[in-house]
Amino acid sequence: MSELHEPILRWYDDHARELPWRGPDASAWSVMVSEFMLQQTPVARVLPVHEIWLQRWPTPADLSAETTGEAVRAWGRLGYPRRALRLHAAATVIAERHDNQVPASYDALRALPGVGDYTAAAIATFAHGRRHVVLDTNVRRVFARTIEGAEFPSTAVTKAEREVALEVLPADVPTAATWSVAVMELGALVCTASNPRCGDCPVAELCAWRAAGHPAYDGPPRKVQTWAGTDRQCRGRLLAVLRDSDGPVHRSRLDAAWSPEDQRIRCLASLIEDRLVVAAGPETYALP
DNA sequence: GACTCGTGGTT
DNA sequence: TAACCAAGAGT
């Protein structure tokens, strides 16, 4: 029984945000959709899109019956639109092989497209109450600080890190689920990456990083995403043209959306390769 | 393990 | 303002 448990669980009881994918009325599918959307996208931007998706596609089979293009269009500007394709593909697997029920086992979830270690553990835990180590960027940062005394965790999840997380995971199954969401919430609201609110932290007195005097991060340089002029930006521009059009668009519309030309051609080809775009006819393109 | 893949709010 | 960063996954 870690001494972190009680203060963090009590803090969560008082400060948890009310989110639509939490609470007793949320379906496992609602949790699954939220986990896909929350991969690298902030809660505030997910909220309105998640509501539309659940209303439009209340079960995996409802989404599976749509074209992938409609999923990409409804994904809107959440970013990383390949997640929409993977969610659609996962919904199809669930509809066809899992009786339209989101699996409860980690292994079955992990086998779905777009579901990695984190998402499998999160769905098993938050949708089905299973007991798993849920290691996301928030949890990793909270443990790095409170337990290891470092400002930030290592770049990749280590075996030792996973073992520590398992050691502090409450043995009681339902408490383990609450614990995981509580630590995530603490990382999201208090133990933030920049400007942590240590004055509001329920475990400030126990925090190794604070006790050490908040030493600055001294690990390898954390990668900074470049953006301007990248293929990612170019792809985003091209896809936005298709997303904002009702039907197929002529190549000239895409030509106007980005230069230089060689990069535009390369990115359009990669979008087609990724099945985010299809050639709809001579010189015309559309969502799949 | 290093890279790639969107988007927009915050500082 | 440019940099940072947000419930990661796949290659």
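Residue numbering restarts at 1 for every chain, and letters A, B, ... go by the order of the sequence lines. These numbers come from a predicted model, not from an experiment.
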Identify which nucleotide among dA7(C), dG8(B), dC5(C) has an atom closest to any side-chain atom of W21(A), counting heavy atoms from C-beta outward. dA7(C)
For T137(A), answer base if it contacts any base atom (sugar-phosphate contacts may also be present), sugar-phosphate if it contacts only those atoms, and nothing otherwise; contact means non-hydrogen atoms under 4.0 Å. sugar-phosphate
Whether the Y118(A) and E35(A) side chains hold a donor-acceptor pair (N or O, under 3.5 Å, no angle test) is what I'd like checked. yes
Quick check on DNA chain C: between S194(A) and G116(A), whose nearest nucleotide comes earlier from the 5' end? S194(A)
Looking only at the side chains, is there a donor atom on one of S30(A) and H50(A) sitting less than 3.5 Å from an acceptor on the other? yes
Any donor-acceptor pair under 3.5 Å joining the side chain of T41(A) to the base of dG6(B)? yes
Looking for any heavy atom pair under 4.0 Å, which part of the strands does V139(A) touch: base, sugar-phosphate only, or nothing? nothing
When all nucleic acid strands are considered with a 4.0 Å heavy-atom cut-off, which category describes A193(A): base, sugar-phosphate, or nothing? sugar-phosphate
Would you indicate what L135(A) reaches in the nucleic acid, counting non-hydrogen atoms under 4.0 angstrom: base, sugar-phosphate, or nothing? nothing
To the nearest angstrom, how far is L85(A) atom CG from dG10(C) atom P? 13 Å
R140(A) to F152(A) six-membered ring, cation-pi geometry met (6.0 Å, 45°): no
Rounded to the nearest angstrom, tell me the gap between atom CZ in R235(A) and atom C1' in dC3(B). 14 Å
In whole angstroms, the gap separating C1' of dC5(B) from CG of L78(A) amounts to 14 Å
Nearest to the side chain of R82(A), heavy atoms from C-beta on, is which of dC5(C), dC5(B), dG8(C)? dC5(B)
Using only side-chain N and O atoms of R243(A), determine if any of them is under 4.0 Å from OP1 or OP2 of dT7(B). yes
Within this structure, what is the CZ-to-C1' distance between R83(A) and dA6(C), rounded to whole angstrom? 10 Å
If you measure from the P atom in dT11(B) to the same atom in dA7(C), how many Å do you get, rounded? 14 Å
Ranking T230(A) and A156(A) by the position along DNA chain B of their nearest nucleotide, the one closer to 5' is A156(A)
Among dA9(C), dA7(C), dG6(B), the one nearest T119(A) by side-chain distance: dA9(C)
If we take the P atom in both dA9(C) and dG8(B), what is their distance in whole Å? 23 Å
Using atom CZ of R232(A) as one end and atom P of dG6(B) as the other, report the distance to the nearest whole Å. 7 Å
Comparing nearest nucleotides in DNA chain B, the 5'-proximal residue of the pair D231(A), R77(A) is D231(A)
Under-3.5 Å donor-acceptor pair between R45(A) side chain and dT7(B) base: yes
Closest nucleotide of DNA chain C for T192(A) versus for R86(A): which of these residues is on the 5' side? T192(A)
Is the ring centre of W75(A) less than 6.0 Å from the ring centre of W53(A)? yes
For atom CD of Q39(A) and atom P of dG6(B), their distance in whole Å: 13 Å
Distance, rounded to the nearest Å, where R110(A) contributes CZ and dA9(C) contributes C1': 8 Å
Nucleotide of dT11(B), dG10(C), dA7(C) approaching N138(A) most closely (side-chain heavy atoms): dA7(C)
Rounded to whole angstrom units, what separation is found between the CD atom of Q40(A) and the C1' atom of dG9(B)? 15 Å
Should D172(A) and R131(A) count as an ion pair when the cut-off is N to O under 4.0 Å? no
Looking for any heavy atom pair under 4.0 Å, which part of the strands does R141(A) touch: base, sugar-phosphate only, or nothing? sugar-phosphate
So, T59(A) versus D62(A): side-chain donor-acceptor pair below 3.5 Å or not? yes
